[in-house]
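Atoms considered below: every heavy atom in the structure, side chains included; atoms not considered: hydrogens, waters and symmetry mates. Computed from a predicted model, the values in this text were never measured in an experiment.
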Protein chains: 2
Amino acid sequence: MLNERNLAAHQDCESCPIRHRAVCARCETNELERLEEIKYYRKFEAGQTVIWSGDRMEFVGSVVSGIATLTQTMEDGRRQMVGLLLPSDFVGRPGRGTAAYDVVATTDLVMCCFRKTPFEDMMQKTPHIAQRLLEMTLDELDAAREWMLVLGRKTAREKIASLLSIIARRDATLNLRGTEGPLAFDLPLTREAMADYLGLTLETVSRQISALKRDGVIVLQGKRHVTVPDMSLLLEEAGDDADGGVFA
Amino acid sequence: MLNERNLAAHQDCESCPIRHRAVCARCETNELERLEEIKYYRKFEAGQTVIWSGDRMEFVGSVVSGIATLTQTMEDGRRQMVGLLLPSDFVGRPGRGTAAYDVVATTDLVMCCFRKTPFEDMMQKTPHIAQRLLEMTLDELDAAREWMLVLGRKTAREKIASLLSIIARRDATLNLRGTEGPLAFDLPLTREAMADYLGLTLETVSRQISALKRDGVIVLQGKRHVTVPDMSLLLEEAGDDADGGVFA
DNA sequence: CGGTGCATTGATAGGTGTCAAACTGTGTGG
DNA sequence: CCACACAGTTTGACACCTATCAATGCACCG
């Protein structure tokens, strides 16, 4: 299964782009050296499945670059995305043998993987890893709960605006830009993936995006590039406080 | 704010009913002794608010008995329950100053509280606590993601059946009964609270419960006491595998 | 040039929300 | 003890939002 094509070149932890945000963020130099010994990189192409729900988990790891999604599927095919994995996000659950969700690369993806058992051993001995993982898991729990409000109580239009807000905000922080003035970004998801995230059909997603465009809340160049002339207007459409306090 | 009426009698950790499941589950005797020093009990009456979203968190703690809910509210009043807190569940987030959600007692409630700062200090020095909290947080994250599927993709009828399944299952494990044969339990939630949990209106909740009753999936005695003649039938209505693998 | 994947748009149906009224059980005060 | 208020619940009529089914458009590529 592993071959040269998906085994990427080894990279130094010290120069890693997610060094200060991933599960290893708090590790000392000597702890990083121990991690170096059990880590390896893997590449996935856009559309490729990283893990199937129910499969044995051979590894856990961090997203280094690219975007992956976590989805659940019902027997009749209905799907719900339950997580969006961005660079520095952690994949897998220490202490559990099989994957609970499908993990799919939506863009080309590079992961920093640790074989599961050695990582679990190391977690026992390295509080810095467990502490950081707790912090990250608490953040993910908050994000999941925010999303429950979106799924349970928001209208289709508000759902779209909420998703666009999140992507815009993340893009702004990632590129160290403020949230003042017009924002522009690319949608990393297809209409169908957005629908899976929002609990809608892809037709409704398309219609609501067209409506937001028609109303001047967003401007589209092509299908995927979005410009937001006034972020506070978008936040208002999302049903959040215009201050954006929700995700602070 | 604290007075004799909501300050409950001190209780020994060793004889605590949630001793083996709460955040202190892995603590040694000497660690428990240190926890004893910073803990105190508080009682809340049904309907009382434990913490308001945005308030300063003075304490974290465990639910000892009773049930509490975690809810988010939008400016226009729409509400979504994002968590159901049962005995042994943990309340609060170490490392954060203010509450992110409203915590409300839906039944009479007893909590084992720790003042926040001493608890955070102790967590640093006591891996057993941090380890257990990580495990519990991962479980909660899984539960939240399960619920995202319910909110995003299930019909009203399936939502009701899902909620009843969860309550029935929990009740069975709590009382050490198997899931074979008929199950009976009391609903700990009003129709409105169920609606807040399921992302529905209380009218729709009422209608779907009536429909499940009419179809023989459940039997009602009064408004709150439910009997499930055939659990696999209920699970089928919930859209889950009849084996119940989802929550295993 | 046609094929394929993705997206948009239209017509229609169905599920759930909204508004309104009536019912039930419980507790309270006269 | 009864009358009443009140919260919680049930049921009905109707409107509206979103899903469904279907056709078309668009960009990219063999």
Write down the distance between NZ (K159(A)) and C1' (dC17(D)), rounded to a whole number of angstrom. 11 Å
Got a donor-acceptor pair under 3.5 Å from the side chain of E203(B) to the base of dC19(C)? yes
With rounding to the nearest 0.5 Å, note down the distance linking CZ in R78(B) to OG1 in T73(B). 11.5 Å
Would you say the side-chain atoms of Q72(A) pair up with the backbone N or O of R145(B), donor to acceptor, closer than 3.5 Å? yes
Between CG of L187(B) and C1' of dT9(D) the distance, given in whole Å, is 13 Å
Under a 3.5 Å distance rule, please check whether T106(B) uses its side chain to pair with a backbone N or O of L189(B) as donor and acceptor. no
If every non-hydrogen atom of V82(A) is compared with every non-hydrogen atom of M148(B), which pair is closest and at what distance? CA-CE, 3.7 Å
Figure out the CZ/P separation between R79(A) and dA19(D), and round it to whole Å. 15 Å
Listed nucleotide nearest any side-chain atom of R224(B), set dT10(D), dT9(D), dT9(C): dT9(D)
Under a 4.5 Å cut-off applied to non-hydrogen side-chain atoms, are L233(B) and V228(B) in contact? no
To the nearest Å, how far apart are K213(B) NZ and dT10(D) P? 7 Å
Rounded interatomic separation in angstrom, taking CD from Q221(B) and P from dG25(C): 14 Å
Table of protein N/O atoms under 3.5 Å from nucleotides 14-17 of chain C N/O atoms:
residue: dT16(C); atom: OP1; partner: A156(B); partner atom: N; Å: 2.9
residue: dG17(C); atom: OP2; partner: T201(B); partner atom: N; Å: 3.4
residue: dG17(C); atom: OP2; partner: T201(B); partner atom: OG1; Å: 3.2
residue: dG17(C); atom: OP2; partner: T204(B); partner atom: OG1; Å: 2.4

note: M194(B), atom CE; dT10(D), atom P; distance rounded to Å ~ 9 Å
Would you mind reading off the distance between L220(B) atom CG and dG25(C) atom P, rounded to a whole angstrom? 13 Å
With a 4.0 Å cut-off on heavy atoms, is T190(B) in touch with a base, just the backbone sugar-phosphate, or nothing at all? sugar-phosphate
Nearest-Å distance, NZ (K223(A)) to P (dG25(D))? 12 Å
So what does S210(A) hit on the nucleic acid, given a heavy-atom distance under 4.0 Å: a base, only sugar-phosphate, or nothing? sugar-phosphate
Close side-chain approach of T69(A) and V103(A), heavy atoms under 4.5 Å: no
Taking the six-membered ring for Trp, are Y197(B) and W147(B) parallel (under 30°), tilted (30 to 60°) or perpendicular (over 60°)? tilted
Side-chain contact check for L202(B): nearest option of dT18(C), dT9(C), dT9(D) is dT9(D)
